[in-house]
Structures are given as C-alpha cells and as structure tokens.
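Scroll down for the structure; my scribbles are underneath it.
Hydrogens, waters and symmetry mates play no part in the numbers below; they use all other heavy atoms, side chains included. In what follows, chains carry the letters A, B, and so on, assigned in the order in which the sequence lines appear, proteins first and then strands, with residues in each chain numbered from 1.
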There are 2 protein chains.
Amino acid sequence: MPRRCGKGPRWFCGELRGCGRRLTEAREIVLGVVDKSDEHLSAEDVFRAVRRVNRGIGLTTVYRTLDLLVNMNLLSRCDFGDGRARYERIRGTKEDHHHHHLVCTECKKVVNYRDFIEEEIELLGKTEKALSRKFNFTIRDHLIQFYGLCDKCRQRD
Amino acid sequence: MPRRCGKGPRWFCGELRGCGRRLTEAREIVLGVVDKSDEHLSAEDVFRAVRRVNRGIGLTTVYRTLDLLVNMNLLSRCDFGDGRARYERIRGTKEDHHHHHLVCTECKKVVNYRDFIEEEIELLGKTEKALSRKFNFTIRDHLIQFYGLCDKCRQRD
DNA sequence: GGTTTTAATGAAAATGATTTTCAATAAGAA
DNA sequence: TTCTTATTGAAAATCATTTTCATTAAAACC
C-alpha cells in the first residue's frame, strides 16, 4: 500500500532508520493524525482519521504503529479507566510536557493542566524518596488524575 | 446452591434486605474472601479462593457479587493498568481508608501508603478548587499512584 | 409447614479492545 | 534491478468482563 518514502519529517525518518525500521506511509499518516489533534485519541479515533487520508490502512496497523510511536517516545499512552487506551503527542522536553489530566466521567472529555505543578513536584519528590526508603521500591513513574463532571454534563443532569 | 441464610454478619444481611436484595451463600463467601485477604485481588483470584470453599459457585456470580459489594461501598475497585480490575476491602471511615498505591510493574505487587497524607490532602484541595474554577469541572474523585520496581524485582534484573 | 414471587445463579454465548498469525507486499540495502 | 526482510491487512485468537436465559432458591406470604 505504501508509495514513496522520505517525505515525512527528516528526524522521524532518521530515528526509524537508526533502529533498522522503515518509514512507511501508514506511519507518517498515523503520526500526522495524532500530531495535528490536541484531543486524547483512542485507537479507533486514529483509525477513522487515518482512513480519511488512505482507506487502505488497517486497524491492526494503526495499533502496531501507535505502539511503535509510544516506544519511540513520540506519543504517550493514557488510561482514563474506560477500558480503551488514548494517545497524546509528546511535545517539547519531558519537563515541558509534564502535566496531569482532568477527566469528565460522563462525556470522557479530558483537560490537561499544570496548575500547582511546582508544589506538586516538590511533594512528589518527598513522597517518592520516603516511599523508596520505606518500602524498598525504585520509583519510575506516577499518575495523578482528577475525575468529575464537565460544565455541560453537570447541567444536563 | 445456597443453603441456609442469616449466618453471615447481621449488618451485611440488614444492608442487603434494606434494598430488596437477598443474602446468599455466594455473597457471604465472596465478602469473606476479600475481607480476610490484605492483597489486592483480581476477580480470578477471588474466584479461586471462593471455589476452595464451594466448588459450585461460578465466575459470573463472582463478578456480579464484586460489583454489588463495590456499589455497597464494602469494596473498592482499583485499576493498576494491567487490564484487570482488583478489589480491596474498605475498612473504617472514608477518612481512615484514604490511601494511595505503590505498584510494582514487574510482579504487580501493591503497597498501600498514607505518607504525607496531610500535605497531599492540602495540595489536592487547592488543586481541586483551582481546577473547578478554571475549567468549570465538578471534581468527584482523584487517583494518585506510583509505579516502580519492588525490592525483589529490582535485584532480579 | 407449604406456596408464591422474583432475585440470584451457572453455563454458554456475546462483547469489545487489543494481539497474533500468516501469506502477500514493499522499503531500502546491495 | 534484485534481494532481504520489515511491514502490512484480513481473519482468527485472546482475555477480561457482560449478557442471556432457563433454572433454582431466598424470604415474604399464607
């Protein structure tokens, strides 16, 4: 199904080649779709958008490509507890990108926020240190998420 | 399959009756199993333990009963991101019970902790208030979780 | 105690997101 | 252009959980 190669972002092409991977149309389109969106897209969402560009690309390929992009740290996979993964483009440095999610449990709308990020990082640091020591854990990651009702969904009730 | 009734905890019997529900052996056993354990059990785990007491109880009933107990606020359902729900007995008041999880991504071991709970509650309160105002969300719940490697899994690598 | 109503049950089938299999295709090296 | 093998799509497989439906048994009512 692929056509020609080497169009998409140079760096992307380079990063792929670097690990013996190939640049294909499917990969360009999937990355493009998630990159253009500022929503938190499910695999299905991505699939639908990809199809609008090229009807020949299968859902399986979308899943595989999303996995690949997550492993390349170009996307992050989020879990909002509704049984389907969502994907979000990682922009800038890890520091820039650090944020949390506010999830509407009705319509699944998600807002990214960075409020109190300083205080939070400080508290997390303390907590991580204490937990590492107390329970002999090496902490690698953390998850903070708020759940509630967005404006529209609250009014609808 | 049930036998006689009215043995299990009075209050449990009472709470069930209160909403037109029935006290069955399956429900007693499921509650008993989760109550005795201080692990975070999956439905399968509960099923296996239940079977040791009564081979006639099906997996479907275990799922249904876990749902019921969660709705009755006797259990809480946790999601550690491995695609299966876990269940934990809620003890004492909501205040007493407030804690977070430290999850080993290798062996899935989970530790409950309450360290820095005061500071955390304070920060969460501030954050909740700010987010409510800023994004017009009514916040109902939050999730804080740390991921890492436990002692044993770190050494094994 | 026996009857009756209907909630609860178990087995099997259905669901839904994701993964695997496998033969066909095409990226990119030679 | 040829050749190697990564990538692909379609279909089947997985796996946790839910639904369906006919059967059974709590517990309310004689």
Provide, to the nearest angstrom, the distance between the [atom1] atom belonging to [X] and the [atom2] atom belonging to [N].
{"X": "L66(B)", "N": "dA16(D)", "atom1": "CG", "atom2": "C1'", "result": "13 Å"}
{"X": "L16(B)", "N": "dT9(C)", "atom1": "CG", "atom2": "C1'", "result": "15 Å"}
{"X": "L23(A)", "N": "dT5(D)", "atom1": "CG", "atom2": "C1'", "result": "17 Å"}
{"X": "I57(A)", "N": "dA10(D)", "atom1": "CD1", "atom2": "P", "result": "11 Å"}
{"X": "N71(A)", "N": "dA6(D)", "atom1": "CG", "atom2": "P", "result": "17 Å"}
{"X": "D45(B)", "N": "dA16(D)", "atom1": "CG", "atom2": "C1'", "result": "13 Å"}
{"X": "N54(A)", "N": "dT8(D)", "atom1": "CG", "atom2": "P", "result": "11 Å"}
{"X": "D82(A)", "N": "dA16(D)", "atom1": "CG", "atom2": "C1'", "result": "15 Å"}

- Would you check, one step at a time, whether the test side chain to side chain donor-acceptor pair (under 3.5 Å) holds for R140(B) with Y147(A)? CA-CA 6 Å; R140(B) 287 265 166 78; Y147(A) 299 94; over 6 Å; no

Counting only pairs under 3.5 Å, give me each side-chain donor-acceptor contact of residues 129-136 of chain A, with atom names and distances, residues two or more places apart or in other chains.
| residue | atom | partner | partner atom | Å |
| --- | --- | --- | --- | --- |
| S132(A) | OG | E128(A) | O | 2.9 |
| S132(A) | OG | F137(A) | O | 3.2 |
| K134(A) | NZ | D115(B) | OD1 | 3.0 |
| K134(A) | NZ | D115(B) | OD2 | 3.1 |

- Query: How many angstroms lie between atom CZ of R84(B) and atom SG of C78(B), to the nearest 0.5 angstrom?
  - Reply: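 Here the interatomic distance stands at 14.0 Å.
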
- What's the closest nucleotide to the R22(B) side chain, out of dA25(D), dA26(C), dT18(C)?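 Of the options given, the side chain of R22(B) lies nearest dA25(D).
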
- Message: Starting the side chain at C-beta, find the nucleotide from dT8(D), dT5(C), dT9(C) nearest to T24(B).
- Response: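 Nearest nucleotide to the side chain: dT9(C).
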
- Query: Quick one: side-chain contact (heavy atoms from CB on, under 4.5 Å) partners of I90(A), sequence neighbours excluded?
  - Reply: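 Counting only residues at least two positions away or on another chain, I90(A) forms a side-chain contact (heavy atoms from CB on, under 4.5 Å) with S76(A), H97(A).
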
- ring pair (Phe, Tyr, Trp, His ring centres under 6.0 Å) partners for F80(B), two or more places apart: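 F80(B) satisfies ring pair (Phe, Tyr, Trp, His ring centres under 6.0 Å) with H40(B), H101(B) only.
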
- Item | For DNA chain D, the dot-bracket pattern of Watson-Crick and G-U pairs whose distances stay under 3.5 Å, | for other-strand partners | ||||||||||||||||||||||||||||||

Pick out the pairs of N or O atoms, protein on one side and nucleotides 19-22 of chain C on the other, that lie under 3.5 Å.
| residue | atom | partner | partner atom | Å |
| --- | --- | --- | --- | --- |
| dT21(C) | O4 | R64(A) | NH1 | 3.4 |

- Kindly say whether the aromatic ring centers of H100(B) and H142(A) come within a distance under 6.0 Å.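 No: the rings miss the under 6.0 Å criterion.
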
- Item | 5'-most by nearest nucleotide on DNA chain C - R84(A) or G20(B) |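 Of the two residues, G20(B) wins.
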
- Donor-acceptor contact below 3.5 Å, side chain D67(A) vs main chain R64(A):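 Checked: no pair found.
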
- With a 4.5 Å limit on heavy-atom distance, are the side chains of L75(A) and E88(A) in contact?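 Result no, sub-4.5 Å side-chain heavy-atom pair not found.
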
- Query: What pairs of residues pass the ring-ring contact (aromatic ring centres under 6.0 Å, His included) test when at least one of them lies in residues 56-78 of chain B, not counting sequence neighbours?
  - Reply: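 Passing the test, one end in residues 56-78 of chain B: no pairs.
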
